[in-house]
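The structure under discussion appears below in the form of structure tokens.
Each chain gets a letter, A, B and so on, in the order its sequence line appears, and its residues count up from 1.
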Number of protein chains: 2
Amino acid sequence: MNVTPQSMHFADRLPLQSGASLRDYSLKYETYGTLNADHSNAVLICHALNASHHVAGVYEDQAKSEGWWDNMIGPGKPLDTDQFFVIGVNNLGSCFGSTGPMHVNPDTGRIYGADFPVVTVEDWVNAQARLLDALGIETLAAVMGGSLGGMQALSWTLQYPNRVRHAVVVASAPNLTAENIAFNEVARRAITTDPDFHEGHFYAHGTVPKRGLRIARMIGHITYLSDDVMNEKFGRQLIAATKDGTQRDYFYSTLEAEFQIESYLRYQGDKFAEYFDANTYLLITRALDYFDPARTYGGDLSHALARATCKFLLVSFTTDWRFAPKRSREIVKALLDNRRDVSYAEIDAPHGHDAFLLDDARYTGVVRSYFDSVAQEVSA
Amino acid sequence: MNVTPQSMHFADRLPLQSGASLRDYSLKYETYGTLNADHSNAVLICHALNASHHVAGVYEDQAKSEGWWDNMIGPGKPLDTDQFFVIGVNNLGSCFGSTGPMHVNPDTGRIYGADFPVVTVEDWVNAQARLLDALGIETLAAVMGGSLGGMQALSWTLQYPNRVRHAVVVASAPNLTAENIAFNEVARRAITTDPDFHEGHFYAHGTVPKRGLRIARMIGHITYLSDDVMNEKFGRQLIAATKDGTQRDYFYSTLEAEFQIESYLRYQGDKFAEYFDANTYLLITRALDYFDPARTYGGDLSHALARATCKFLLVSFTTDWRFAPKRSREIVKALLDNRRDVSYAEIDAPHGHDAFLLDDARYTGVVRSYFDSVAQEVSA
């Protein structure tokens, strides 16, 4: 499936939850499949930290350009683009094409940098709703996302309950725990205390806070994987084993990578620092920290979710310690307290939080059968 | 109990596991209680990452100078210094008085810095054994340690099986998992990529890699605590709640600390960076990474522990995800495979890895009753 990214400009000011606003902005997006005659088969995909509007398909003449959820979405796939019109949209504040900190602030004529306003999950959903307006989509057959994307899907059901018929919330949580926030904070401090950060205006200094980005990404990777899968993939294996299969002696170095897990993390950090924007990292982790729909209801999630009227599929993964199954179960319980129609699958997968992006027959089977039933409600 | 640190110089070259050696060195240590006539009541305490020879008691005229295990060790305490002669020793490579990277390399006349040789758990034990020789102690009534200190206690039983009658190994592991190594590696990279690190020779540059040390400590603190205790202590509490108890609105800032967990971690990081040496941090985390007594036995821990002949008490804590109970159980199993005398207590405590330093009646009760039985074997 060859796909082409598109961009839409919005001239109307977007008020933000913080009280600030964006005077105008663009959203980068992609669509897959065909919108049916009564516009009832649209599915919006919301992305997580390190992803974008490029959800499925490939770019012409670009090898290895599969979208980040290409195993899940496409012709004949669990979310079947032969039946559904699927939209991927890049969030505000991102570094993949939608208006973000690397763009020029129309109010000052200078690059936003650290002056890009803090955006929340709710702000993203509002911006996504305007895109749907422009695409002529009043009601979504479904909204779907994993991790931070799942938070957006959940927020859709609260902000626009009449515009969503189904929400698929994968490996997500009703808010971050103190430990989740703690990991985000360490990553942010690594970036903001990097001398190349220059208070977020590093573009003007011709620098990139790569040291901080590397550390942030290394921390992230540890939390995406389970202890078990790390042990299975890397264990205590040294980088250079001897040829006869016996382990060589240690290098005895505090500076050189010695174990395979170390070189893996260094590689992931180096790669990430080459393409990801530091201000975007701060913005997106802060959106994660801030999401908490129960907050204005005195912490009562059941009360907060009473607004949601659509049907739900929630999926979690047993070894996900970042957004553990018990966090999904909190959402399930709150929805059931409101007598909502909820399906819940807890998948016994070894891959930790990463599992939501990986192939697992039970996981994709659950998603496929859920969308099969959604398709029954949609006119051809 | 007023105590005074002492220092002992060793002029004999100490060969290290890496093949390098230390030409001469000093060990800082403290003792509590009285060595009995036949020198049979000595207990050696091994310390973990951020600790020292100052295990118990206070320094005269110094408020809040309690040793790091003062709740466990002292007159009438679980390890009773009215009955035992207890020794705390600072490890080589530390920054608290024993020879380390901040000292002058006698071979070059310059400060060691990054040239201080990599030291292992086994090297520390060898150095400790020489201190015992000098103190006239042939056999320890017990060796005891938590976390990395527990690894040293375990290693004592393998390196000097005839010099230890009991080993008390608390919140420890037979080696680090890939995830453990990963956290150490991120912390090390934060330090070594700090521009103030200068390849480990920052003393000569008049700098301290405080940014890196702060990040390292923040990561450490996350792993010392359990998810549960973090939620209980900090949850999603904001730093400045309004006076009437209702929560204020968010600041909406990516740079300012917003949640209490953030300011807690920043404070811990700042404090640590003021006193801890960066090269010591690298050395001690590497000693953790390298410890793996089963390594030279093809990973067969039972085979590796066959050398140990003493009696053991192992203690773990249910919410410790850094050195989880299952890691202690691996040691217990390997010892039982060798028909060794092992007591094992798995304490249901909420505090994560930190629990080994905290008061818990069940924990201190187990240690007290174990040492009561050790005391039966010791002449008055």
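- No other option in B:T192, B:V119, B:T296, B:N175 has as many heavy-atom pairs under 4.5 Å with chain A as B:N175.
- In this structure, B:Y224 has its ring center closer than 6.0 angstrom to the ring center of B:H221.
- Of the listed residues (A:D194, A:L255, A:D292), the one with the most heavy-atom contacts under 4.5 Å to chain B is A:D292.
- Heavy atoms of A:R189 lying under 4.5 Å from chain B belong to its backbone as well as its side chain.
- Contact annotation for A:T285: neither backbone nor side-chain heavy atoms come within less than 4.5 Å of a heavy atom of chain B.
- Options B:A178, B:G269, B:G200 differ in how many heavy-atom pairs under 4.5 Å they form with chain A, and the most are formed by B:A178.
- With A:T254 contributing its side chain and B:L283 its backbone, the two residues share no donor-acceptor pair below 3.5 Å.
- Note on B:D227 versus A:R322: no salt bridge recorded, every NZ/NE/NH1/NH2 to OD/OE distance being 4.0 Å or above.
- Of the atoms belonging to A:R266, it is side-chain heavy atoms, and not backbone ones, that fall under 4.5 Å from chain B.
- Among A:F234, A:Y290, A:F183, the residue making the largest number of heavy-atom pairs under 4.5 Å with chain B is A:Y290.
- Taking CG of A:N105 as the start and CD1 of A:I111 as the end, the distance is 10.5 Å to the nearest 0.5 Å.
- In this structure, chain B has heavy atoms under 4.5 Å from both the backbone and the side chain of A:T177.
- With a threshold of 4.5 angstrom between heavy atoms, B:Y264 does not approach chain A through any atom at all.
- Of the atoms belonging to B:D289, heavy atoms from both backbone and side chain fall under 4.5 Å from chain A.
- Distance alone, capped at 3.5 Å, is enough to place a donor-acceptor pair between the A:Q260 side chain and the A:L238 backbone.
- A:Y281 has its ring centre less than 6.0 Å from the ring centre of A:F272.
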> Yes or no on side chain to side chain donor-acceptor pair (under 3.5 Å) for B:T193 and A:R211, after CA distance, side-chain angles and deciding distance?
Replying inline: CA-CA 7 Å; B:T193 64; A:R211 299 179 202 88; 5.5 Å; no

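- A salt bridge is defined here as a Lys NZ or Arg NE, NH1 or NH2 lying under 4.0 Å from an Asp or Glu carboxylate O, and B:R295 with A:D249 meets this definition.
- Counting non-hydrogen atoms of other residues, nucleotides and ligands closer than 6.0 Å to OH of B:Y297 gives a total above 12.
- Without hydrogens or angle criteria, B:T318 side chain to B:A349 main chain gives a donor-acceptor distance under 3.5 Å.
- Ranking B:V118, B:T120, B:L16, B:N279 against chain A, the residue ahead of the rest is B:V118, based on heavy-atom pairs under 4.5 Å.
- Interface residue B:L265: only side-chain heavy atoms are found under 4.5 Å from chain A.
- Annotation: maximal heavy-atom pairing with chain B below 4.5 Å, among A:I219, A:I191, A:I181, A:I261, occurs at A:I181.
- The residue among B:A20, B:G235, B:P195, B:A190 with the most heavy atom pairs within less than 4.5 Å of chain A is B:P195.
- Heavy atoms of B:L176 lying under 4.5 Å from chain A belong to its backbone as well as its side chain.
- Residue A:D196 does not touch chain B at all, counting heavy-atom pairs closer than 4.5 Å.
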